[in-house]
Protein chains: 2
Amino acid sequence: MHSNVHELIERYLSVSFLVNKKAAALVKCELDEMTNDQYYLLRYMSKRNVCTSTELAAVFAVNKSAITAMTNRLVEKEMIQRLRDENDRRVIYLSLTEKGKRWLAETETKIHHLVESLITQFSEEEIESFIQTYEKLANILQKLEETK
Amino acid sequence: MHSNVHELIERYLSVSFLVNKKAAALVKCELDEMTNDQYYLLRYMSKRNVCTSTELAAVFAVNKSAITAMTNRLVEKEMIQRLRDENDRRVIYLSLTEKGKRWLAETETKIHHLVESLITQFSEEEIESFIQTYEKLANILQKLEETK
DNA sequence: TTTAATAGTTAAATAGTTGAACTATATCGA
DNA sequence: TCGATATAGTTCAACTATTTAACTATTAAA
């Protein structure tokens with residue numbers, strides 16, 4: 001039983017590494033002139049509608065200065081815009097521009113086709129339970145962070 | 001049924017992104033003076049015992065010049081060494097030094113404890129079937145690459 | 001034996017990241 | 001109300017990771 005846990009951990013480390021790298025490479029092929037991080041940033045911002053640097057730093061698990069650099073590049077590309085809060089002038093809201101929304105919509109279509117071609121090779125039950133476990137793991141990681 | 005697939009894809013994209021970022025941040029905490037990529041590189045090389053730049057480039061899904069840069073840094077840190085093949089003088093074999101082996105062994109212990117604390121929150125059956133699906137996905141991605 | 005292919009490196013450019021120091025603004029307690 | 005403290009975000013220097021194109025060296029193939 002104990003050595004089994006050890007083996008499961010090894011398998012998990014190897015497979016998660018491999019899938020991450022290969023999936024990132026596939027996603028990248030669909031992103032003309034944009035990077036994977038830029039895609040995920042726009043994707044997250046689009047879901048939240050509006051958000052702040054501090055929030056992004058927490059979600060991406062990086063320093064705020066990394067977010068400043070990334071958002072600067074996205075502002076230059078006219079994909080997002082900054083808007084200062086008039087009540088609390090420390091905070092700056094980030095949101096997608098029309099160009100950013102257009103690009104994201106087109107890209108999401110491509111990425112969905114890509115993921116669909118992979119996901120449909122599994123039964124619906126298998127994928128459903130896979131994602132459920134994955135989401136449990138995400139929750140555990142989220143809570144772990146909150147306790148620190 | 002069809003809109004369900006769409007939703008599954010969305011859930012997969014969100015959860016895989018989140019887990020990747022949070023897990024990478026946790027792994028990083030255990031790696032003093034080394035980066036996540038450097039850890040995974042040493043880990044892979046250790047499993048293969050000896051390998052080449054070309055092989056690493058394929059596994060990491062990056063250009064060979066990226067591997068040259070990464071291995072240069074690891075040679076500087078005395079974690080790996082280069083050895084030219086005497087039969088085919090184009091190829092250079094990469095392998096861990098004693099220092100590299102020592103560091104990796106210590107680090108693997110830490111990472112295993114980390115993953116164990118997460119993995120043991122699931123039943124053995126749940127983890128087993130999760131990893132099995134994950135491995136199927138890895139195989140699909142591997143084959144997809146080979147056909148290209 | 002010229003020509004192809006293969007293995008790896010170099011160099012310039014760009015993206016992502018950290019950590020420390022910084023500006024500006026808001027909040028809180030005496 | 002004022003002075004200390006906290007919060008939001010930026011700047012800068014240093015570094016890692018990556019790509020693309022041009023390159024060297026070596027091997028294989030016509």
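Note that these values count all heavy atoms, side chains included, but never hydrogens, waters or copies made by symmetry. Proteins come first, then strands; the chains are lettered A, B, ... in the order of their sequence lines, and each starts at number 1.
When distances are taken from the side chain of B:Asp88 to each of D:dT27, C:dA26, C:dG8, the shortest belongs to D:dT27. The side chain of B:Thr35 lies closest to D:dA17 when the candidates are D:dA8, D:dA17, C:dT17. Considering only the side chain of A:Lys21, D:dT18 comes nearest among C:dA24, D:dT18, D:dG9. Candidate nucleotides C:dT18, C:dG8, C:dA15 were compared by shortest atom distance to the side chain of A:Val62, and C:dT18 ranks first. Among D:dT19, C:dT17, D:dT11, the nucleotide with an atom closest to any side-chain atom of B:Asn63 is D:dT19. Set against C:dG8, C:dA15, D:dT18, the side chain of A:Lys77 has C:dA15 as its closest nucleotide. Side-chain proximity of A:Asp37 to the nucleotides C:dG16, D:dT18, D:dT26 is greatest for C:dG16. Set against D:dA17, C:dA7, C:dG16, the side chain of A:Met70 has C:dG16 as its closest nucleotide. Among C:dG16, C:dG19, C:dG8, the nucleotide with an atom closest to any side-chain atom of A:Ser65 is C:dG19. Out of D:dA8, D:dT27, D:dG9, the shortest distance to the side chain of A:Thr68 is found at D:dG9.
Rounding to whole angstrom units, CD of residue B:Glu55 and C1' of C:dT6 are separated by 15 Å. Here D:dC15 presents its C1' atom at 15 Å from CE of B:Met34, a figure rounded to the nearest Å. In this structure, A:Asn36 atom CG and D:dA17 atom C1' are separated by 13 Å, rounded to whole Å. In this structure, CG of B:Leu31 is placed 14 Å from P of D:dT16, rounded to the nearest angstrom. If you take OH of B:Tyr39 and P of D:dA17, they are 15 Å apart, rounded to a whole angstrom. Atom CD of A:Glu76 is separated from atom P of C:dA13 by 17 Å (rounded to the nearest Å). The nearest whole Å value for the distance from the CG atom in A:Leu74 to the P atom in C:dA15 is 10 Å. Rounded to whole Å, atom C1' of C:dT18 lies 14 Å from atom CG of B:Asp32.
The base of C:dT6 does not come close enough to the side chain of B:Thr54 for any donor and acceptor atom to sit less than 3.5 Å apart. Judged by atom type and distance alone, A:Arg89 does not reach the base of C:dT25 through any side-chain donor-acceptor pair under 3.5 Å.
A:Ser53 places no side-chain N or O within donor-acceptor distance of the main-chain N or O of A:Lys64, the cut-off being under 3.5 Å. A:Asn63 places no side-chain N or O within 3.5 Å of a backbone atom of A:Ser65 that could act as its donor or acceptor partner.
Using a 4.0 Å heavy-atom distance criterion, B:Arg82 is classed as a sugar-phosphate-only contact. At a threshold of 4.0 angstrom between heavy atoms, the contacts of B:Asn87 are confined to the sugar-phosphate backbone, with no base atom among them.
Contact annotation: A:Arg84 side-chain N/O to D:dA8 OP1/OP2 distance is not under 4.0 Å. Listed pair A:Lys28 / D:dT19 meets the phosphate criterion, a side-chain N or O lying under 4.0 Å from OP1 or OP2.
Judged by Watson-Crick or G-U wobble contacts below 3.5 Å, the nucleotide C:dA15 has D:dT16 as its partner. Nucleotide C:dA4 forms a pair with no other nucleotide shown, judged by Watson-Crick or G-U wobble geometry with both contacts under 3.5 Å.
For the pair B:Ile92 and A:Ile67, both in contact range of DNA chain C, the more 5′-proximal nearest nucleotide belongs to B:Ile92. Comparing A:Arg90 and B:Cys51, the nucleotide of DNA chain C nearest to each residue sits closer to the 5' end for B:Cys51. Of the residues near DNA chain D, A:Ala69 and B:Gln38, the one whose nearest nucleotide (by heavy atom distance) lies more toward the 5' end is A:Ala69.
The two residues A:Glu145 and A:Ala58 have their closest heavy-atom pair at OE2-O, 4.2 Å. For the residue pair B:Glu116 and B:Thr120, the shortest heavy atom distance occurs at O-OG1, 2.7 Å.
Note: the hydrophobic cluster containing A:Tyr93 does not contain A:Met70 (ILVMFWY, side chain heavy atoms under 4.5 Å, direct or indirect links).
For C:dA4, the glycosidic angle deviates from 0 by 90° or less, giving a syn base.
Salt-bridge annotation for B:Lys77 and B:Glu33: absent, with no side-chain N of the basic residue lying under 4.0 Å from a carboxylate O of the acidic one.
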Check step by step if side-chain contact (heavy atoms from CB on, under 4.5 Å) holds for A:Asn49 and A:Ser95. CA-CA 6 Å; A:Asn49 201 23; A:Ser95 59; over 6 Å; no
